[in-house]
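Just so you know, these numbers use all the heavy atoms, side chains as well, and skip hydrogens, waters and symmetry mates.
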Protein chains: 2
Amino acid sequence: MQFLRVYQCLCDETRLRILNLLLEGPLCVCHLTEILEIPQPKVSRHLKGLRDGGALETERCCNWTICRLPKTPNALLEANLRCLQDLRTEEPQFKADLVKREQTIDRILNHPGEDLPAQIRSLGLCCS
Amino acid sequence: MQFLRVYQCLCDETRLRILNLLLEGPLCVCHLTEILEIPQPKVSRHLKGLRDGGALETERCCNWTICRLPKTPNALLEANLRCLQDLRTEEPQFKADLVKREQTIDRILNHPGEDLPAQIRSLGLCCS
DNA sequence: AACGAATATGCTGTAAATCGAATATTCGGA
DNA sequence: TCCGAATATTCGATTTACAGCATATTCGTT
């Protein structure tokens, strides 16, 4: 059932945190891992869950995997992403994650020494 | 987390079927059981799940328990009930349940011999 | 008080989801 | 071709969700 497929995606805290972050723009797996402060295999597994549920698109760029929300989410997912956008200020964890995201992006931009491809480096700035 | 509480409610087919039916108006447990064609304990347990998740209100009337959607659902639930309302035509099970609901209500109305309090009998007609 | 209808709960087994830890894979650079 | 970084997958253990079945509870009636 189409409904269940979406809701099963949405009923895990880690997956919701990921969607919350991606509402701001794409991120690669390593930055997601850093922001969420959870083990990388766990992030990877939940990303797979989101992808299988149609709630995530990924694109391989060299060694990095760029994660973004689907360009054309189905109606149910789209409505819930809007809800997440509207209601996330009520959830401390979501707000904290967004702060951490800012910090991480700042660090990336201000430390050009880190060995990141320009495409990855600019993720935080480019929401396309 | 408030989000999880709602989504955990929504990620079970039986619970979605119940919500779908209640969008048309209140029903008591025995009629829900008849319409869904599943064992009564199963219905009861899922109703409890919905109630715990804030997606259902029940009212005792004699021996009957009247189930209805909450008068003031939280924003996330409300949005998803709207989605259910809008998208249910795509889901055969939801449509079949609505047909069965009509049949059941007709049967109740046309067989006054059945021993039902007027309050229960009129549930299908009164959506308040 | 005894009974029956409507509903709820307890119990047990099973399937599914999640996790941590270890390992495999992929890819660019030395 | 070997190495390291980024990512994915496998494995075993644990938890959680759901099921069916039996039984308890509640309430009106006799």
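Contact check on B:R107 versus B:E102 returns no salt bridge, with no Lys/Arg side-chain nitrogen under 4.0 Å from an Asp/Glu carboxylate oxygen.
B:R5 places a side-chain N or O within 3.5 Å of a backbone atom of B:D52 that can act as its donor or acceptor partner.
A:L4 has its CG atom 19 Å from the P atom of C:dA15, to the nearest Å. Protein atom CD1 of A:I38 is 14 Å distant from nucleotide atom C1' of D:dT7, rounded to whole Å. Summarising the geometry, the separation between CH2 on A:W64 and P on D:dA5 is reported as 11 Å, rounded to the nearest angstrom. Atom NZ of A:K48 and atom C1' of C:dA17 are 14 Å apart (whole Å). The CD-P distance, from A:E34 to D:dA6, rounds to 11 Å in whole Å. The distance from atom CG of A:L50 to atom P of C:dA17 is 14 Å, rounded to the nearest whole Å. Rounded to whole Å, the distance from CG on A:L56 to P on D:dT7 is 13 Å. For the pair B:H31 NE2 and C:dA6 P, the computed distance is 8 Å after rounding to whole Å.
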Does the protein touch nucleotides 18-30 of chain D at the base, only the backbone, or not at all? Give it as B, S and - per nucleotide, heavy atoms under 4.0 Å.
SSBBB---BB---
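Inspection of the A:Y7 and B:D12 side chains reveals no N or O donor paired with an N or O acceptor under 3.5 Å.
Contacts of A:D97 classified as salt bridge (charged side-chain N to carboxylate O under 4.0 Å, His left out), with partners at least two apart in sequence or in another chain: A:R17.
In this structure, A:C9 and A:G53 approach most closely via the heavy-atom pair SG-CA, 3.5 Å.
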Run the side-chain hydrogen bond (donor to acceptor under 3.5 Å, both in side chains) test on B:Q85 and B:R88 for me, step by step, so that the C-alpha distance in whole Å, both residues' side-chain angles and the decisive distance to 0.1 Å come before the verdict.
CA-CA 6 Å; B:Q85 181 93 257; B:R88 61 180 166 186; 2.7 Å; yes
